[in-house]
2 protein chains.
Amino acid sequence: MPNYTASSLKAELNARGWRMTPQREKILYLFQNLPRGNHLSAEELHDLLEGQGEGISLSTIYRSVKLMSRMGILRELELAEGHKHYELNQPYPHHHHHIVCVQCNKTIEFNNDSILKQSLKQTEKEGFQLIDCQLTITTICPEALRMGWPSALPSNWSCTRAIADKK
Amino acid sequence: MPNYTASSLKAELNARGWRMTPQREKILYLFQNLPRGNHLSAEELHDLLEGQGEGISLSTIYRSVKLMSRMGILRELELAEGHKHYELNQPYPHHHHHIVCVQCNKTIEFNNDSILKQSLKQTEKEGFQLIDCQLTITTICPEALRMGWPSALPSNWSCTRAIADKK
DNA sequence: GAACATCCTGCAATTTATTCTCAATAAGCT
DNA sequence: AGCTTATTGAGAATAAATTGCAGGATGTTC
Ligand SMILES: [Mn+2]
Ligand SMILES: [Mn+2]
Ligand SMILES: [Zn+2]
Ligand SMILES: [Zn+2]
């Protein structure tokens with residue numbers, strides 16, 4: 001995915017029969033200026049824009065992030081929190097993946113070029129067109145492990161078996 | 001296949017202060033006998049059990065699949081349909097990943113051992129403990145591409161739905 | 001194996017994320 | 001400018017998922 005500008009976004013929208021709007025431009029701009037590692041929910045995005053005096057209705061937020069995700073401009077993240085998060089979909093070499101702790105939702109990003117490469121290969125082989133690929137690793141973080149996971153952890157729940165039973 | 005038995009499931013549950021119940025056993029059994037490539041939502045699981053005369057309340061279904069996912073027995077899939085799906089979490093060499101068409105939700109499974117390997121490496125390097133890893137590739141399928149995606153698609157057109165097994 | 005503590009289930013009610021409806025507006029085209 | 005239609009905002013509607021509670025079941029301890 002290229003780095004979009006207002007006019008390249010407009011071009012891409014128009015090419016598909018869609019329209020450029022101030023709302024879409026503001027959303028793109030916000031994501032492009034978000035520090036790396038930030039993942040916004042629709043609500044958070046709404047509130048952030050609100051705080052900047054750029055009121056955009058929540059309906060439009062939802063419609064926009066969905067559209068922009070399907071266009072490959074944003075990526076829709078399904079981390080472990082019950083709602084979606086969005087971030088800019090950046091091309092190689094900024095493309096990255098996520099490790100998530102199911103105990104505390106801590107999320108860390110990591111780069112791995114070969115995953116995108118293999119995804120592209122697999123996708124082309126099937127005749128599909130890649131929009132995004134995400135490797136999400138669900139884990140228990142070091143803190144939870146230090147606390148004695150799984151037996152000594154506070155009641156709620158814990159995890160048990162890693163599928164890592166060997167090569 | 002490294003399947004759980006009723007007694008090994010009971011052992012794991014009890015080790016964490018939880019209990020074996022007929023409901024949990026039936027859910028495990030159902031997933032273990034599900035043809036490969038099937039992904040069940042909570043509702044579908046509920047209906048399937050209902051059809052087998054094994055009525056289990058929907059609340060219990062939800063609670064069970066969540067618990068079993070955190071235990072690493074099931075994996076929770078976030079494909080592009082607005083609700084979660086579940087399948088058995090199988091270790092190498094049955095571990096697999098998914099390609100999904102965002103237009104019609106068609107899903108293809110594929111194996112790729114190096115992804116699990118790299119996930120393990122990355123996870124250990126960070127001091128986390130892996131429960132599951134899923135590479136999800138969001139795409140446009142060949143059918144939708146042939147129909148002129150994105151602009152030329154009739155508003156209610158939809159690809160043929162299928163789940164194809166891939167090697 | 002009976003008593004006990006507490007975990008689990010089923011049901012209904014509730015929460016929450018996301019989509020939908022529709023009249024008004026505005027973008028893109030000629 | 002005028003026309004067509006995509007898009008917006010506001011709220012209602014939908015659907016997935018969670019929760020509170022009372023009765024029932026499970027595992028543990030004597
Ligand atoms: Mn990220
Ligand atoms: Mn699968
Ligand atoms: Zn954690
Ligand atoms: Zn498709």
Side-chain angles (χ1 to χ4, degrees), chain A residues 6-7 9-28 39-47 49-50 54-71 74 76-86 151 154-158, chain B residues 6-7 9-28 39-47 49-50 54-71 74 76-86 102 150-156:
Chain A
S7 67
L9 172 60
K10 171 167 163 41
E12 183 134 343
L13 284 166
N14 291 349
R16 302 183 186 205
W18 300 325
R19 295 176 183 177
M20 179 59 145
T21 66
Q23 290 86 347
R24 290 170 181 176
E25 183 176 347
K26 285 169 191 162
I27 290 171
L28 173 65
H39 306 141
L40 300 183
S41 67
E43 291 274 2
E44 290 166 338
L45 176 51
H46 182 249
D47 294 349
L49 287 163
E50 201 67 39
E54 308 279 22
I56 298 181
S57 81
L58 194 51
S59 309
T60 297
I61 299 282
Y62 273 107
R63 284 184 288 229
S64 300
V65 293
K66 187 173 192 173
L67 176 71
M68 292 167 80
S69 295
R70 294 201 168 187
M71 290 176 73
L74 299 181
E76 197 169 70
L77 308 175
E78 302 274 9
L79 306 178
E81 295 182 46
H83 53 263
K84 293 167 182 163
H85 285 81
Y86 297 85
S151 46
S155 49
N156 264 14
W157 54 34
S158 51
Chain B
S7 66
L9 172 60
K10 173 169 164 35
E12 283 218 20
L13 286 166
N14 291 349
R16 327 242 161 295
W18 300 327
R19 294 174 184 180
M20 179 59 145
T21 67
Q23 290 86 347
R24 290 170 180 176
E25 183 176 346
K26 284 168 190 163
I27 290 171
L28 173 65
H39 306 142
L40 299 183
S41 68
E43 293 272 3
E44 290 165 339
L45 176 51
H46 181 249
D47 293 348
L49 287 163
E50 202 67 38
E54 309 278 21
I56 297 181
S57 82
L58 195 49
S59 309
T60 297
I61 299 281
Y62 273 109
R63 284 184 284 230
S64 299
V65 293
K66 187 170 191 174
L67 176 72
M68 292 167 79
S69 296
R70 301 281 167 132
M71 290 177 75
L74 299 181
E76 196 169 71
L77 307 176
E78 302 273 10
L79 306 179
E81 294 183 46
H83 54 263
K84 293 168 183 163
H85 285 81
Y86 297 85
V102 297
S151 48
L153 275 181
S155 58
N156 62 344

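Chain A is the first sequence line, chain B the second, and so forth, proteins listed ahead of strands; every chain is numbered from 1. Since the structure is predicted, the reported quantities are computational estimates derived from the model, not experimental observations. Computation of the quantities below employed the complete heavy-atom set of this structure, encompassing side-chain atoms and omitting hydrogens, waters and symmetry-equivalent molecules.
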Here the distance between atom P of dA13(C) and atom CG of L58(B), to the nearest Å, is 16 Å

To the nearest angstrom, the CD-P distance between E54(A) and dT8(D) comes to 14 Å

Separation of dG10(C) atom C1' from K26(B) atom NZ, nearest Å, is 13 Å

R16(B) CZ to dC8(C) P, in whole Å, measures 13 Å

* Asked: Less than 4.5 Å apart, any side-chain heavy atom of K10(A) and any of R24(A)?
  -> no

note: I27(B), atom CD1; dC8(C), atom P; distance rounded to Å ~ 13 Å

Interatomic distance, OG@S41(A) vs CD@E81(A), rounded to 0.5 Å, equals 8.5 Å

Among dT8(D), dG10(C), dT18(C), the one nearest any side-chain atom of K84(A) is dT18(C)

Taken to the nearest 0.5 Å, the spacing of I61(B) CD1 from L45(B) CG works out to 4.0 Å

**Contact under 4.0 Å: Q23(B) side-chain N or O vs dG10(C) OP1/OP2** = yes

From the candidates dT18(C), dA10(D), dT19(D), the one with an atom nearest any side-chain atom of S59(A) is dA10(D)

Here the distance between atom P of dA17(D) and atom CD of E76(B), to the nearest Å, is 8 Å

In 5'-to-3' order, the base (B), backbone-only (S) or no-contact (-) status of each nucleotide in nucleotides 23-30 of chain D, using a 4.0 angstrom heavy-atom cut-off, is --BBS---

If each end axis of the helix from dG1(C)-dC30(D) to dT30(C)-dA1(D) is fitted on five C1' pair positions, the angle between them, to 10 degrees, is 60°

| Would a 4.5 Å heavy-atom cut-off, applied to side chains only, mark L28(B) and M68(B) as touching? | yes

Assert: residue with more 5' nearest nucleotide on DNA chain D, out of Y86(B) and S64(A), is S64(A)

Heavy-atom nearest pair, S64(A) first then I27(A), reads CB-CD1, 3.5 Å

Separation of dA17(C) atom C1' from H46(A) atom NE2, nearest Å, is 14 Å

For this session: Using only side-chain N and O atoms of Y62(B), determine if any of them is under 4.0 Å from OP1 or OP2 of dA17(D).
Result: yes

_Below 4.0 Å: OP1/OP2 of dC8(C) and any side-chain N or O of R24(B)_ = yes

Closest to the side chain of E43(B), out of dA10(D), dA16(D), dA17(C), is dA16(D)

Rounded to the nearest 0.5 angstrom, the CD1-CD distance for I56(A) and E54(A) is 7.0 Å

The answer to which of G82(B) and G55(A) contacts DNA chain D further toward the 5' end, by nearest nucleotide, is G55(A)

L77(B) CG to dA16(D) P, in whole Å, measures 16 Å

So NZ of K84(A) and CD of E43(A): to nearest 0.5 Å the spacing works out to 14.0 Å

Of all heavy-atom pairs linking A6(B) and E25(B), the shortest is CB-OE2, 3.5 Å

> Would you say E12(A)'s side chain and L9(A)'s backbone share a donor-acceptor pair under 3.5 angstrom?
Replying inline: no

- Under 3.5 Å donor-acceptor pair, S57(B) side-chain atoms to dC11(C) base atoms: no

Taking it one step at a time, do L67(B) and R63(B) satisfy side-chain contact (heavy atoms from CB on, under 4.5 Å)?
CA-CA 6 Å; L67(B) 176 72; R63(B) 284 184 284 230; over 6 Å; no

